[in-house]
Amino acid sequence: MDKFHIRGGVALKGRVSISGAKNSALPCMAAAILTPETITLHNIPYVRDIITMRRLLEDIGAHVLTPELRTHKISAANVELMQAPYELVKTMRASVLALGPLLARFGKARVSLPGGCAIGARPIDLHLASFSKMGADVFLEAGDVVARAPRDRLVGAEIQFEKISVTGTENVMMAATLARGKTVIHNAAREPEVRDLGELLNKMGARVRGAGTPKIEIEGVEALGGAQHTIIPDRIETGTFIVAGAITKGELEIKDCNPEHCNRIIGKLRDAGVEIEEVNQSTLRVSYGKPIRAADLKTEEYPGFATDMQAQYMTLMTQADGQSEITETIFENRFMHASELQRMGARIQISHDKAVVEGPTNLIGARVQASDLRASASLVLAGLIAEGETIIDRVYHIDRGYEKIETKLKAVGANIERVRESVTSPLSASQEVRG
Ligand code: EPU
């Protein structure tokens with residue numbers, strides 16, 4: 001397993017380019033299952049989860065060509081297997097995104113039931129209840145969810161999500177595109193990634209209205225066709241680099257991003273004293289002006305502050321003057337980074353869904369362990385300002401969702417090295433992640 005060795009203390013300076021959003025690319029790749037024609041996706045990030053989704057598509061019989069590193073041409077003309085196996089689902093929960101499209105196009109699907117994961121229980125009951133409402137017979141068999149549509153076609157339905165779910169909304173949206181009649185999703189997730197998927201589906205000939213709002217209406221059509229689409233920039237990578245610039249007291253120009261998608265993140269970081277300038281529609285400049293201020297934070301569904309930026313914000317708050325309270329409302333176990341930050345000297349107290357951070361503290365380099373994707377990012381940020389050397393273990397977590405983070409950080413001055421371990425440790429065989 002690879003490790004990062006980071007020597008802290010360098011103010012980051014220069015330009016960073018933001019990659020495509022992993023959480024938009026994943027459902028868009030799954031959407032290719034809906035049609036026998038080719039879907040061409042541009043700006044796909046080069047990260048581990050994308051490779052896993054590609055494997056899933058190839059496993060079921062689809063062909064994936066990459067004429068360029070960030071372009072995928074996916075043809076699901078010959079799907080032979082309507083199934084996502086445990087080996088894939090256990091490493092990536094987003095594999096459940098295959099369920100909706102398989103069920104919609106072939107009237108049947110089998111996907112291994114994802115268990116809990118490092119950040120919480122994360123059930124998929126809302127996805128399954130929606131498919132049942134659309135007429136599918138959904139049952140559990142040998143650890144797999146099996147779903148079958150009557151006469152191989154789902155029927156449109158009124159879906160009321162009792163809780164907002166991002167992949168739940170995406171799965172139902174995809175399933176509804178080929179259903180008989182109209183589906184309305186109430187209390188839908190409003191994330192930019194949901195809207196991006198809606199755009200792709202409409203380019204394929206679907207009739208989706210309201211993606212990105214709480215009410216999405218989908219008129220089912222008989223068949224979908226090929227399309228080309230460019231994935232939106234990754235708003236969480238953008239936020240992570242804003243924090244990197246601010247926390248190191250540097251000056252970064254963050255290009256190829258979409259500031260509009262980062263409104264709440266930018267607003268909250270400005271509350272904390274970070275100077276962020278919108279240079280143009282795709283560029284932000286972050287610089288150090290005044291000392292970081294403590295500011296409370298509550299994670300929320302979009303357009304609220306993203307849970308995927310909570311860990312990075314916590315690292316920033318270790319440098320703030322005063323006490324800040326961070327409330328995590330989306331996942332029940334998403335403070336795993338706190339204990340590692342404590343090992344570096346941070347003063348953090350956790351109680352249920354709240355973390356109280358007392359700043360500022362001088363972080364000291366230590367050997368720490370990444371527990372999930374965003375937790376790893378918070379440790380990298382901590383390493384960038386810590387005194388001495390920080391060694392981060394299990395960086396495969398960060399490789400799942402950040403494209404070449406160490407290369408990007410090095411280019412703006414960070415002292416970070418990836419150290420490859422040649423001897424396979426017994427642990428590397430079980431990189432079960434389920435993020
Ligand atoms: N939930 C249920 N039942 C369901 C579905 C969700 O109770 O059927 C609960 C979850 O347990 C959680 C809440 O609802 O408490 C929200 O979960 P959601 O379904 O929205 O999460 P997700 O779709 O599994 C996506 C992202 C996550 C991100 C969350 C929240 C993708 C592939 N993943 O997960 O991204 O944290 O939305 O914004 O889009 C990451 O990139 O690091 C990551 C974990």
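Just so it is clear, the values below take in all heavy atoms, side chains as well, and ignore hydrogens, waters and symmetry mates. Atoms within a ligand are numbered from 1 in the order they appear, just like the ligands themselves.
With D308 as reference, R334 is the one residue of R264, K22, R334, R235 to meet the salt bridge (Lys or Arg N to Asp or Glu O under 4.0 Å) rule. Among R70, E68, Q228, the one residue that satisfies the side-chain hydrogen bond (donor to acceptor under 3.5 Å, both in side chains) test with H42 is Q228. For the side-chain hydrogen bond (donor to acceptor under 3.5 Å, both in side chains) with Y402, the lone residue among K408, R374, R48, H397 that qualifies is R374.
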Run the side chain to side chain donor-acceptor pair (under 3.5 Å) check on E158 and H186 step by step: do they pass?
CA-CA 8 Å; E158 290 277 326; H186 301 275; 2.6 Å; yes
Hey, mind stepping through H127 and N171 against side chain to side chain donor-acceptor pair (under 3.5 Å) and telling me if it holds?
CA-CA 7 Å; H127 306 225; N171 232 343; 3.1 Å; yes
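Taken from CG in D393 to NZ in K3, the straight-line distance is 4.0 Å, to the nearest 0.5 Å. Summarising the geometry, atom OG1 belonging to T230 is positioned 10.5 Å from atom CD belonging to E199; distances are rounded to the nearest 0.5 Å. Separation of atoms OG (S351) and CZ (F335) is listed at 9.5 Å; rounding is to 0.5 Å.
Every atom of ligand 1 with a heavy atom of R334 under 4.0 Å away is listed here by number and element: 36 (O), 42 (O), 44 (C). Taking every heavy atom of H127 and a limit of under 4.0 angstrom, the matching atoms of ligand 1 come to 8 (O). Ligand-side atoms of ligand 1 in range of K22: 40 (C), 41 (O), range being under 4.0 angstrom from any heavy atom. Close approach of ligand 1 to L126 is summarised as follows: ligand atoms under 4.0 Å from at least one heavy atom of the residue are 2 (C), 3 (N), 4 (C), 5 (C), 8 (O). Listed by number with element, the atoms of ligand 1 under 4.0 Å from a non-hydrogen atom of T307 are 30 (C), 36 (O), 38 (O). Using a 4.0 Å cut-off to heavy atoms of I124, the atoms of ligand 1 that qualify are 4 (C), 8 (O). Using a 4.0 Å cut-off to heavy atoms of R122, the atoms of ligand 1 that qualify are 11 (O), 22 (P), 24 (O), 34 (O).
A donor-acceptor contact shorter than 3.5 Å links the side chain of N258 to the backbone of E260. Listed for the R105 side chain is a donor-acceptor partner under 3.5 Å among the backbone atoms of I33.
Residue-to-ligand polar distances place N23 within reach of ligand 1: an N/O pair is separated by less than 3.5 Å. Taking distance alone, with nitrogen or oxygen atoms compared against 3.5 Å, T167 approaches ligand 1 more closely than that limit. At under 3.5 Å, not a single nitrogen or oxygen of F331, backbone or side chain, sits near a nitrogen or oxygen of ligand 1. Checked by distance only, ligand 1 and V166 come closer than 3.5 Å through their nitrogen or oxygen atoms.
Heavy atoms of G168 come nearer than 4.0 angstrom to ligand 1 in no pair at all. Ligand 1 is approached by I164 to a heavy-atom distance shorter than 4.0 Å.
Of the candidates P123, P27, S165, A25, P123 brings a heavy atom nearest to atom 4 (C) of ligand 1. Of the candidates D308, L97, D234, the one placing a heavy atom closest to atom 40 (C) of ligand 1 is D308.
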